[in-house]
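What you see below is based on every heavy atom in this structure, not just the backbone, and it leaves out hydrogens, waters and symmetry mates.
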Amino acid sequence: MALFLTLSDVDLDRQVVALSRQLDDLRKALAKRGDAYYEDGRGTASDYYSQLADRLHEALPAIRRKGRAVERTARDHPATAAAVGLVVVGLLAGLLISRR
């Protein structure tokens, strides 16, 4: 069978082998870059998380105070709180229905 090979067949085989090697090199380079991008993204996400945690930690006392004020108002005026709750539920239902 080797007797029937022409010069162009041998050249094609060599080119295929060379292209396969180049593809392997490209895959390795892309894998290294992907790892670097992943590490950069992970570091950035960690930074954002820590900044968000710091801001939430600073704002938590004010959020608690507002929550207690809302709770007191709801206890003092239960009918108004129920009406506001129904309005909010209606708005959410309207948004969900309009999206479909």
Side-chain angles (χ1 to χ4, degrees):
M1 188 153 170
L3 298 174
F4 297 112
L5 289 177
T6 63
L7 186 57
S8 64
D9 290 339
V10 173
D11 287 340
L12 284 176
D13 288 341
R14 286 181 188 161
Q15 288 178 356
V16 167
V17 169
L19 287 173
S20 295
R21 287 182 188 146
Q22 288 177 354
L23 273 175
D24 287 340
D25 292 343
L26 285 173
R27 283 187 191 125
K28 289 176 186 176
L30 285 174
K32 286 179 184 177
R33 284 187 181 178
D35 288 343
Y37 287 139
Y38 175 75
E39 289 298 321
D40 289 344
R42 198 170 91 179
T44 302
S46 177
D47 291 343
Y48 285 145
Y49 175 76
S50 92
Q51 288 175 3
L52 179 64
D54 290 343
R55 288 182 182 174
L56 271 173
H57 183 70
E58 292 170 3
L60 203 53
I63 293 171
R64 285 185 183 141
R65 280 193 302 272
K66 296 287 184 180
R68 280 188 233 121
V70 168
E71 183 181 358
R72 254 190 320 270
T73 302
R75 282 188 189 155
D76 293 343
H77 308 286
T80 305
V84 169
L86 287 175
V87 168
V88 169
V89 169
L91 287 173
L92 289 175
L95 285 173
L96 290 175
I97 290 172
S98 68
R99 283 193 163 186
R100 292 182 183 184

Roughly how far apart are L91 CG and L96 CG, rounded to 0.5 Å? 11.0 Å
Pairs involving residues 79-92, ordered by first then second residue, that meet salt bridge (charged side-chain N to carboxylate O under 4.0 Å, His left out) (sequence neighbours left out): none
With sequence neighbours excluded, what pairs up with E39 under the salt bridge (Lys or Arg N to Asp or Glu O under 4.0 Å) test? R42
Under a single-linkage rule joining Ile, Leu, Val, Met, Phe, Trp and Tyr whose side-chain heavy atoms are separated by less than 4.5 Å, which residues share a cluster with L56? L52
Acceptor/donor pairs from residues 18-33 side chains to any protein atom, 3.5 angstrom cut, sequence neighbours excluded:
residue : atom : partner : partner atom : Å
S20     : OG   : V16     : O            : 2.9
D24     : OD1  : R27     : NH1          : 3.2

Per-pair distances, 0.1 Å, donor-acceptor, side chain in residues 61-87, under 3.5 Å, sequence neighbours excluded:
residue : atom : partner : partner atom : Å
E71     : OE2  : R75     : NH2          : 2.6
T73     : OG1  : A69     : O            : 2.9

Of all residues at least two apart in sequence or in a different chain, which pass the side chain to side chain contact (heavy atoms under 4.5 Å, CB included) check with Y49? none
